[in-house]
Structures are given as C-alpha cells and as structure tokens.
Amino acid sequence: MTPETKISLNNFADIAGVSRSTVDKWIASGKCRIHISNDGSRYLLAKELTFSPEISQMLSSRWEEEKDVESARPFTSIELFAGGGGLALGMHKAGFEHILLNEFDKDACATLRKNMPHWNVVEGDIHDLDFNAYAGKVDLLTGGFPCQAFSYAGKRLGFEETRGTLFFELARAVKETRPKVFMAENVKGLMEHDNGRTLTTIKSVIDELGYTLIEPRVLRAILYNVPQKRERLILVAIRNDLFDKASFKWPCVCGELRTLHDAFHSGTLYKCEVPQSEGQKYPEKKYHVLKQVPEGGDWRDLPPEVAREYMGGSYDLGGGKTGMARRLSMNEASLTLTCSPAQKQTERCHPLETRPLTIREYARIQTFPDDWEFCGSLSSKYKQIGNAVPVNMAWALGRSLIRLLNSIEASYPDYAASVKRDEYVPIHKLHNLFEGMACDRNEGYGGSGEEDIEGHHKKEAESEAEGADV
C-alpha cells in the first residue's frame, strides 16, 4: 500500500474493523473525504486515512522484512486439536518442528498424514494421552481448543474448575510438558462469553500453571495477507522462569489488502488460477433465487415476493439478516468461512457464478497451498477448511513466536530442548489412572467441537455481514 492507494468504502471498513455505517459517519463529519473516479465509483485515499491505526500500520509495514526471520535452532512444537492443518502448516512454515500433533477426527488426521507423512500425527481422544514423556522437550505447545461450556460452581476459578472442558486438557498438556511458551486460539466471542468470566477463568488457570499471559489480542486475518474477514482470539503465555528476559511482539500487518480476486486468479497471492475442484450444488429452487442476487448483494436485492417466500418466518424478524441469500464480491475479502458454503443463514455464493464456493476456492480463501489435499467426504473437507486458522495468519504469528523463542534462547541457552525423533512416542493413559483430573468424555468431541465452533462462526459471519462494530 502506498499513500496514493485507492480504497473502497467497504474495504476501509473491513481494514479498520468497523461497520460501513461508521465509515459513512466519518465521511459525513469530514473525518475522511470521498473521491470520485471516472466511472463514477467512490473511493478513499490511504494518505487521508492515517487516523486509522490499521492504515498507518499498513503504510509502514515491515511484513516482507519479518518474513525473513530465522530460528536460532530447530524449535520443537506440540499441537493439539490440529484439525485439517491450517495452524500446523503456518507454524511449520515459520520454522517449528512438530514432534506431536493430536486430533480426534479421522479425516483430519488422514489429511495431515497425506500432506506431511513425516509428522507424528496421533489420532485419538486427547483424554487418553499422557504428555509426561515430553516434559522438558517442548519449546512451544499450541492448540485451538474447541468451545465448550465452563462451570463456575466454585469461587477459585482455577485449574480444577475447568474440568469438563477441553481447555482443561490443553492446560493438562501444558502442566505435563512444561513448554517454554504456549499459545491458544479461539473465536473472538470467547472474550465476552458469560460476561467475561470464561476468559477470567482461563487467565486464572494460566497463572496457576506458572505462566505469564501476554494481554490477549483479537487478530483480523484480513490484515495478515488473507482474503477473508476472519477474526481469532490469540493467547500467548510464557513460562514464569523465562519471562523476565523474553521479548514478544505481535506480528506486523501486511501492507496489502487481499480480495477474492487475489484468491481466485494469478497474481501476488497465488501464481496461477484457482484449480477446478468439487463443490456443493444448489437445489434448483435455491439456484433460481440466488441467480437474481447481484455481486455483493443479499436477500434485500430480491423482489419482495421472492425474498418473503425464500426466507419464510425470518423475513419479518429484526436485524439485517445479510448472511441470507448472500453473494460475495470479487473486489472484497470473503466473509468468514463457515463449515458449509450453502447454509441458508450464512451462504457463501460465488461472486460471478450462481453456485457455492468449491473446495479449492474455500482452501485459497484460507490461504492453503494448492497442493494441500483434504481427505474424507465433501462435507468433511468443507468442515476441515472452515474450522482452520488461515495459514498466512498462522505463519505470521509463528514468526512472532520464533522471535520470542530466539530471545529466550539468547538469554537461557542451557534450556535448549534436545529430543531425538525416535523418542517421539506418545504414551496412552490407562483408564482411571487420572480419574478426578482429566475431564469427562464428551460425545460432541467426536467432531473436535466443530458444532460449537461453527455456531460461533455463524454469529461472527452474521455480525460482520451486518457491519457490526468490533
């Protein structure tokens, strides 16, 4: 981005993380000025938007420089709830050596093994794993723990009170392995869940484990070379005995805004056109409805009688409902991907063709490389991609964690982890051995908690589609 870069009003709202109505208010108040192009389209100039921290950061971006960061030595990593590999691949590109990846879903495990045969993928329930064999051998432990209800029956809000949640299992892995750093990620809604008490409990557990938590931050994927408006809450914690001389800095934002055009066509993000691939199809009736929606439009662009019939009872309810009958725009980033591009409440219709996004289009929006193959049924592939952390955002975060570990390594060289690959053997717990410590089995974990995550994705997608302020 340069000072003369032209930015559409919608794209500026996405970059700044505000609603389109907020941008309109800024324009009305004179805070930013509209320009008109020869074809009549309206735009803003980057040099006139430096009141926005995001625009200022993009104009002074050190993204390319940060891409050259190198690890002081091969840093080891364990990843839990690995899914289809978005976070794992990003961390791998940053320079981490995965010594263990755990995932319950068999299709996701097949995806990881197919693309990275040398990775130590352990398929199974995390409740059955004992991580003590890795004590002192792990530099980084990561995990996007699935969203499950927390209990606040007691007052201590500590380790034992997270029992019954999968965050407890992540905390148990930290307790058993004692990594230098651990990182957890989740939907941004976790910040406000149960009036903030959920995050308060998590912070208390992190403190009880002997780690210092960096102030949590919500990262917006659109700022990290990703053509998607996805947001994730990131928690980074450093072991207390290493904290004093550790140096952590959040990743620098990318200097460019990526759109669906960047995702689907050859250019700086991808070197070729998006490959042909399988995808869901609309029923004939739905096809004829969506065919009437223009690029970037939704149900409000339909004839009233068509919209009323299509939406049923939702037609008379409040709210913008702009996720319904939604067609994406080629010149904007995608809305947050859900586990299916054809759901009625959060549709993701191709900008120019009347069909749901395909598997490879979905994968490109999440910045997976074209040679990353997904295993399982069509619905399973969509779910793996929809639940993933965007690869480029994970890569940027991984580089920040590499720099953090480099700073620790420089101050505490004696803490170097040394483990031979033939020692990477997970030890399965004997049932009842940890009774009263490990959380109860949850049938919903069969999908790695995707049902809960998908629900959060729907709310996020509907919120951003309606232009709610962040």
Side-chain angles (χ1 to χ4, degrees), residues 79 81-93 101 103 105 107-116 119 121 144 185 221-222 224-232 254 258-281 328-330 332-343 346-353 355-398 448 450 453-454 457 461:
E79 182 171 327
F81 317 109
L87 180 61
L89 180 56
M91 292 293 164
H92 171 76
K93 291 180 69 175
L101 299 97
E103 170 57 43
D105 183 78
D107 290 335
C109 288
T111 293
L112 296 172
R113 293 185 183 113
K114 184 176 184 63
N115 291 282
M116 292 291 187
W119 281 359
V121 179
E185 63 87 19
I222 196 171
Y224 298 96
N225 208 31
V226 177
Q228 186 183 182
K229 305 172 187 179
R230 194 182 202 92
E231 297 179 312
R232 303 299 289 183
C254 180
R258 301 304 180 191
T259 67
L260 286 185
H261 188 277
D262 295 307
F264 297 165
H265 298 290
S266 60
T268 54
L269 191 59
Y270 287 94
K271 299 304 181 185
C272 63
E273 301 294 294
V274 61
Q276 294 292 318
S277 63
E278 59 186 333
Q280 293 181 346
K281 299 184 183 300
L328 300 175
S329 173
M330 192 66 81
E332 297 176 10
S334 171
L335 301 181
T336 300
L337 295 185
T338 62
C339 292
S340 169
Q343 293 171 348
T346 55
E347 283 146 335
R348 302 292 181 261
C349 182
H350 188 279
L352 306 179
E353 302 175 27
R355 58 170 177 77
L357 298 174
T358 66
I359 290 296
R360 291 287 20 135
E361 288 167 346
Y362 238 52
R364 278 200 170 189
I365 291 170
Q366 289 279 52
T367 56
F368 279 100
D370 289 338
D371 60 359
W372 189 269
E373 299 181 48
F374 298 91
C375 300
S377 65
L378 183 62
S379 61
S380 178
K381 292 176 182 178
Y382 275 118
K383 184 178 291 187
Q384 290 174 56
I385 301 169
N387 279 335
V389 176
V391 175
N392 281 356
M393 185 169 76
W395 183 15
L397 187 56
S448 297
E450 295 95 340
I453 291 177
E454 184 175 348
H457 284 176

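Quick note: numbers below take in every heavy atom, side chains included, and nothing from hydrogens, waters or symmetry partners.
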Problem - Interatomic spacing from CZ in Phe368 to CD in Gln384 - rounded to 0.5 Å - result: 8.5 Å
Handout entry: Check: Asp262 and Tyr270 side chains under 4.5 Å, non-hydrogen atoms
Key = no
Exercise for the section: Assign the ring pair Trp119 / His92 to parallel, tilted or perpendicular, where the plane angle (0 to 90°) is split at 30° and 60°. Expected result: perpendicular
Completion exercise
The reported gap from CG in Asn387 to OG1 in Thr338 (rounded to nearest 0.5 angstrom) is 9.5 Å
Problem - Note, Tyr362 side chain near Leu357 side chain (heavy atom, < 4.5 Å) - result: yes
Problem - Which residues share a side chain to side chain donor-acceptor pair (under 3.5 Å) with Ser329, sequence neighbours left out - result: none
Exercise for the section: Sort out for me which residue in Thr259, Leu260, Leu337, Thr367 forms a side-chain contact (heavy atoms from CB on, under 4.5 Å) with Gln228. Expected result: Leu337
Problem - side chain to side chain donor-acceptor pair (under 3.5 Å) partners of Arg258, counting only residues at least two apart - result: Asn225, Thr268
Practice task
State whether the side chain of Asp107 and the backbone N or O of Cys375 hold a donor-acceptor pair below 3.5 Å, judged by distance alone.
Solution key: no
Exercise for the section: First locate atom NZ of Lys114, then atom SG of Cys109, and finally report the distance between them rounded to the nearest 0.5 Å. Expected result: 15.0 Å
Practice task
Output yes when a side-chain donor or acceptor of Tyr382 lies under 3.5 Å from a complementary backbone atom of Gln280, and no otherwise.
Solution key: yes
Problem - Inter-residue atom distance Ser277.OG - Glu373.CD, 0.5 Å rounding - result: 12.0 Å
Completion exercise
Here the salt bridge (Lys or Arg N to Asp or Glu O under 4.0 Å) pairs for residues 359-372, sequence neighbours left out, are Arg355-Glu361, Arg364-Asp370
Practice task
Answer yes or no: is there a side-chain heavy-atom contact under 4.5 Å between Ile365 and Phe264?
Solution key: yes
Handout entry: Separation of Leu101 CG from Met116 CE (nearest 0.5 Å)
Key = 10.0 Å
Problem - Nearest non-hydrogen partners of Ala108 and Gly83, listed with the distance - result: CB-O, 3.4 Å
Exercise for the section: Kindly give the heavy-atom pair with the smallest separation between Thr111 and Gly84, and that separation in Å. Expected result: CG2-O, 3.7 Å
Handout entry: Heavy-atom donor-acceptor pair, Gln366 side chain to Ala388 backbone, under 3.5 Å
Key = yes
Completion exercise
Ala396 and Tyr224 have their tightest heavy-atom pair at CB-CD2, 4.1 Å
Exercise for the section: May I ask you to test the Asn392-Leu269 pair for a side-chain heavy-atom distance under 4.5 Å? Expected result: yes
Practice task
Please examine the side chains of Ser266 and Lys271, heavy atoms only from C-beta on, and report whether any two atoms are closer than 4.5 Å.
Solution key: no
Exercise for the section: Calculate, to the nearest 0.5 Å, the distance between atoms CD and CG belonging to Glu278 and Leu378 respectively. Expected result: 5.0 Å
Completion exercise
Closest non-hydrogen contact found for Val226 with Ala221 is CB-O, 3.3 Å
Practice task
Give a yes or no on whether the backbone of Ala88 and the side-chain of Glu79 come within a donor-acceptor separation of less than 3.5 Å.
Solution key: yes
Practice task
Kindly say whether Ser340 contributes a backbone atom to a donor-acceptor pair with the side chain of Arg348 at under 3.5 angstrom?
Solution key: no
Handout entry: More than 12 heavy atoms from other groups under 6.0 Å of CD on Gln276
Key = no
